[in-house]
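Note that the structure is predicted; figures quoted are calculated from it, not measured.
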Amino acid sequence: MRILGLILLGVCAATVVGQTFVYDNFGANWTYNTGTGYTISVGAPVNTDWDQGNSFVPSQSGYLTDVWAAVNHVTGDNTMELWLMDDNGNQPGNILETFKFQNAMVPGGFGGQNPPLHGVGAGTTFLDSSKKYWLIASTPGPNSWCAWNYSLSDFGDRAARQNMGAWTISQSQKAAFAIAIPEPATLGLLALGLLLRRR
């Protein structure tokens, strides 16, 4: 019985049932507004360094595992980064984790219902459900223009800055993105394993 308990404990430790979305403003089947959104750019042809994004408060606490964002490539270098940032006085603060994308964006900019970019986290950044965070899109360039499409109906805090200047905070339609943490392994199986181990 003790061996069975140890086996069950091992299974529980290694098994993650799935993901829990702690923020998600996509429509059904990852849909979003294909006609407009935020400009993310650096260098030619826009000639303005635009970093933009939105705040969110996770619905549950846990370690960040995945992010999704409806970002499409317009022209220039196919490079883009998502920064998970903490909040500092109702504006983006420190970068907690960076998700880098190289040649991952679908060309076309606005107009196409392309699959969102998917970034996998290190599993070490803890999200606290009592705190506000920011997801900001930027591009390292040297010349790049991306389009972060709006969600279908979500509104809230928007942070934008030009040429590495101060952040401007406004209320607007949010870009489409989702944040996930791991779903816990089955608690009943874990409890059974512990019970059998004690016998």
(message) Taking CH2 in Trp50 as the centre, count heavy atoms belonging to other residues, nucleotides or ligands within less than 6.0 Å. Is the count above 12?
(response) yes
(request) Determine the minimum heavy-atom distance between Trp148 and Ile136, stating which atoms define it. (result) CZ3-C, 4.3 Å
(request) Establish, from distance only, whether the side-chain atoms of Asp77 and Ser144 form a donor-acceptor pair under 3.5 Å. (result) no
(message) Are Asn54 and Tyr38 packed together at the side-chain level, in the sense that at least one heavy-atom pair is separated by less than 4.5 angstrom?
(response) yes
Only pairs under 3.5 Å count here: list side-chain donor-acceptor contacts from residues 173-180, not counting sequence neighbours, and write none if there are none.
from, atom 1, to, atom 2, distance (Å)
Gln173, NE2, Ser151, O, 2.6
Lys174, NZ, Tyr23, OH, 3.1
Lys174, NZ, Ser55, O, 2.7

(request) Taking the side chain as every heavy atom from C-beta outward, state whether Ser61 and Phe126 have any atom pair closer than 4.5 Å. (result) yes
(message) Please check this pair: side chain of Gln52 against backbone of Ile40, looking for a donor-acceptor N/O pair closer than 3.5 Å.
(response) no
(request) Keeping the roles fixed (side chain from Asn163, backbone from Gly165), state whether a donor-acceptor pair exists under 3.5 Å. (result) no
(request) Can you measure from CE (Met164) to CG (Asp49) and round to the nearest 0.5 angstrom? (result) 6.5 Å
(message) Is it the case that the side chain of Asp86 and the backbone of Asn94 share a donor-acceptor pair, with hydrogens and angles ignored and the cut-off at 3.5 Å?
(response) yes
(request) Would you check if Asn88 and Trp167 make a side-chain contact, meaning some heavy-atom pair closer than 4.5 Å? (result) no
(message) Given Asn149, which partner from the list Asn33, Asn72, Thr36 fulfils the side-chain hydrogen bond (donor to acceptor under 3.5 Å, both in side chains) test?
(response) Asn72
(message) Main chain of Trp145, side chain of Thr75: is a donor-acceptor contact present, judged purely on distance under 3.5 Å?
(response) no
(message) When you measure from the side chain of Tyr63 to the backbone of Ala122, do you find a donor-acceptor pair of N or O atoms at a distance under 3.5 Å?
(response) no
(message) Are the side chains of Leu96 and Tyr133 in contact, using a 4.5 Å heavy-atom criterion?
(response) yes
(message) With a 3.5 Å distance limit and no angle check, can you tell me whether Tyr32 reaches the backbone of Asn114 through a side-chain donor-acceptor pair?
(response) yes
(request) Please check if any side-chain donor atom of Asp157 sits under 3.5 Å from a side-chain acceptor atom of Gln171, or the reverse. (result) yes
(request) Side-chain contact test, heavy atoms from C-beta onward, threshold under 4.5 Å: evaluate it for Pro58 versus Ile181 and give yes or no. (result) no
(request) Please examine the side chains of Leu117 and Phe99, heavy atoms only from C-beta on, and report whether any two atoms are closer than 4.5 Å. (result) no
